[in-house]
> 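If you scroll down you'll find the structure; I have some questions about it.
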There are 2 protein chains.
Amino acid sequence: MRVLVADDQELVRTGFQMILDAQPDIEVVAAVADGVAAVEQARRLRPDVCLLDIRMPRLDGLEATRILAGPGVPDPMRVVIVTTFDLDEYVYGALRGGACGFLLKDSGPTLLIEAVRAAANGDALVSPSVTVRLLEHLARPAAVRGRPPREPLTERELDVVRLIARGRTNQEVAAELFVSLSTVKTHLGSIFAKLGARNRVEIAAWAWESGLIR
Amino acid sequence: MRVLVADDQELVRTGFQMILDAQPDIEVVAAVADGVAAVEQARRLRPDVCLLDIRMPRLDGLEATRILAGPGVPDPMRVVIVTTFDLDEYVYGALRGGACGFLLKDSGPTLLIEAVRAAANGDALVSPSVTVRLLEHLARPAAVRGRPPREPLTERELDVVRLIARGRTNQEVAAELFVSLSTVKTHLGSIFAKLGARNRVEIAAWAWESGLIR
DNA sequence: CCGGCCATCGGCCGAAAGGACGATTCGCTC
DNA sequence: GAGCGAATCGTCCTTTCGGCCGATGGCCGG
């Protein structure tokens, strides 16, 4: 597993290097001190994982991430952001920029290693103290959003709702669920009753609001 | 750090127990085999962290989570879900149920320990392979959200789209915009053409995706 | 002043939606 | 084994949708 380390602080850079090189399956192939150098070396050496600090001279880590892994980049690299500062702008900036990891420097060596392994694996590890905030954003919408149905929908009815919300016709829903048109219509009848919806778009709207879609 | 372990499989339970008890700062204070026992012991012993499997007899881990940590619970406990199955319903169910951790059983002991430490700390650790999917949901809204229409919609057409997406019929749209049914249909025709939609639900879906609604 | 674009309106017609019945099968529970 | 909910399928009927015509008036820029 070949890793690039980019951090403007000498001590941090060598610290990371020592931690990682101590692992039998990890090798630090480059250690650079600014964003431009990080992008250059990343392109030249094609490491499995790039470990980028955010605050760096010339080009910051978030910009470098967008260049190496951002949307629209042909052959995106695996980037893990490592930073001291637990700021929401950094977190969202990094993850929207295509980073597959976000680590705070107070995380301890274990997580650093796990983050590198995860990234090399195509997975993503985010610092627990950051994750807990991300989860709030995930959990809150579900709480407020989407009035609960009068009665709970059955699993099958939810299948129908999901397809309806994606714009399928009854025919298509029937085909995709391997049932007849009549069955779909019957399910739809129950759904209308349970949700108090007047037409299929209201069903779709409910699905979007309650987070059933996406 | 006092931990409760709940898993219906004897081997898994003792495995977790051994891994955790090997840590100087972690002590397993209870190991139970079903959800009801988990809730009972958790309430009695008040451990710092509850490690719950999902598939358990009597009461599954997701229900137990909602009971111990769900929204509205007065003094919520720290729950980490541990499961073999990487299913989206599980992930969202757990995290919306108030879990502050989601681990796959193939994660390795390191992450298990880190997850327990994080949870005890009020943070949250999610398995990297799960995180990567959560991040897609986070990143997509900014990037992909709402493919641009072939041609831009006119202001009036957007009025129609907004009402359609809220589930109004053409009649109702006509009434609310003070125009005739024919006019609404004409606008709809243009909208269909510009968005490449096949029916009104696809129009609604586009409206939701592109943030036109809400 | 003429050509485009937009918003407005109308009619016609086939396809889809959806409401109202009834009916069967399965699995679960009492 | 009776009762029940869920899932399945069917028929008949009305309303709505959506496509395809064409038409008028207003406004703006070449």
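Chain identifiers are assigned alphabetically (A, B, ...) following the order of the sequence lines, protein sequences preceding nucleic acid strands; residue numbering begins at 1 within each chain. None of the values given here were measured: they were computed from a predicted structure.
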> Do A/Thr131 side-chain atoms and A/Val126 backbone N/O form a donor-acceptor pair below 3.5 Å?
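Present.
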> With respect to A/Arg162, which candidate in A/Glu155, A/Glu176, A/Glu157 satisfies the salt bridge (Lys or Arg N to Asp or Glu O under 4.0 Å) definition?
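Among A/Glu155, A/Glu176, A/Glu157, the one that satisfies the salt bridge (Lys or Arg N to Asp or Glu O under 4.0 Å) with A/Arg162 is A/Glu155.
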> Of the nucleotides C/dG19, D/dG18, C/dA7, which has the atom closest to the A/Lys185 side chain?
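Given the options C/dG19, D/dG18, C/dA7, the side chain of A/Lys185 is closest to C/dG19.
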> Any side-chain N or O of A/Arg156 under 4.0 Å from OP1/OP2 of D/dT8?
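So the side chain of A/Arg156 is within the cut-off, an N or O lying under 4.0 Å from OP1 or OP2 of D/dT8.
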> Is a side-chain donor or acceptor of B/Arg2 paired with a backbone partner of B/Arg46 at a separation under 3.5 angstrom?
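Looks like yes, one N/O pair under 3.5 Å.
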> What is the distance, to the nearest angstrom, from the CD atom on A/Gln171 to the P atom on C/dG14?
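The answer, rounded to whole Å, is 19 Å.
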> Judged by each residue's nearest nucleotide on DNA chain C, which is more toward the 5′ side, A/Arg198 or B/Leu181?
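Per heavy-atom nearest nucleotide, the more 5' residue is B/Leu181.
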> Once rounded to the nearest 0.5 Å, what's the spacing between atom CG of B/Leu212 and atom CD1 of B/Ile203?
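Between B/Leu212 CG and B/Ile203 CD1, I get 11.5 Å after rounding to 0.5 Å.
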> Taking only residues two or more places apart in sequence, or in another chain, which ones meet A/Asp53 in a side-chain hydrogen bond (donor to acceptor under 3.5 Å, both in side chains)?
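Here no residue qualifies.
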> Whether the side chain of A/Arg66 engages the backbone of A/Gly97 through a donor-acceptor N/O pair (distance < 3.5 Å, no angle test) should be reported.
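Answer holds: no.
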> Just report the end-to-end axis angle for the helix from C/dC1-D/dG30 to C/dC30-D/dG1, five pairs per end, to 10 degrees.
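Inter-axis angle at the termini of the helix from C/dC1-D/dG30 to C/dC30-D/dG1: 40°.
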> Could you list the protein-to-nucleotides 22-28 of chain D atom pairs, N/O on both sides, closer than 3.5 Å?
none

> Do you know which two heavy atoms are closest between A/Arg78 and A/Ala120, and how far apart they sit?
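Smallest heavy-atom distance, with atoms named: NH1-O, 3.1 Å.
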> Please pick, from C/dG18, D/dG10, D/dA7, the nucleotide with the shortest atom-to-atom distance to any side-chain atom of A/Ser180.
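Within the option list, the nearest is D/dG10.
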> Just checking B/Ser182: base, sugar-phosphate only, or nothing, at a heavy-atom cut-off of under 4.0 Å?
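Base contact.
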> Indicate whether any N or O donor in one side chain lies under 3.5 Å from an N or O acceptor in the other, for A/Ser180 and A/Thr183.
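There is such a pair (donor and acceptor under 3.5 Å, judged by atom type) between the side chains of A/Ser180 and A/Thr183.
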> Is the closest side-chain donor-acceptor distance between A/Ser127 and A/Ser107 under 3.5 Å?
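The criterion, which ignores hydrogens and geometry beyond distance, is satisfied for A/Ser107 and A/Ser127.
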> Choose from D/dC17, C/dA17, D/dG18 the nucleotide whose nearest atom is closest to any side-chain atom of B/Thr169.
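Of D/dC17, C/dA17, D/dG18, D/dC17 is nearest to the side chain of B/Thr169.
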> Among the nucleotides C/dC9, D/dG18, D/dC9, which one has an atom lying closest to any side-chain atom of A/Val179?
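Looking only at side-chain atoms, A/Val179 lies closest to D/dC9.
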> Is B/Thr183 touching bases, backbone alone, or none of the nucleic acid, heavy atoms closer than 4.0 Å?
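The answer is base, as B/Thr183 lies within the cut-off (heavy atoms under 4.0 Å) of a base atom.
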> Of the nucleotides C/dG18, D/dG18, D/dT8, which has the atom closest to the B/Phe192 side chain?
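Among the listed nucleotides, the one closest to the side chain of B/Phe192 is D/dG18.
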> Report the nucleotide, chosen from D/dT8, C/dT8, C/dA16, that has the shortest atom-to-atom distance to any side-chain atom of A/His187.
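Side chain of A/His187 sits closest to D/dT8.
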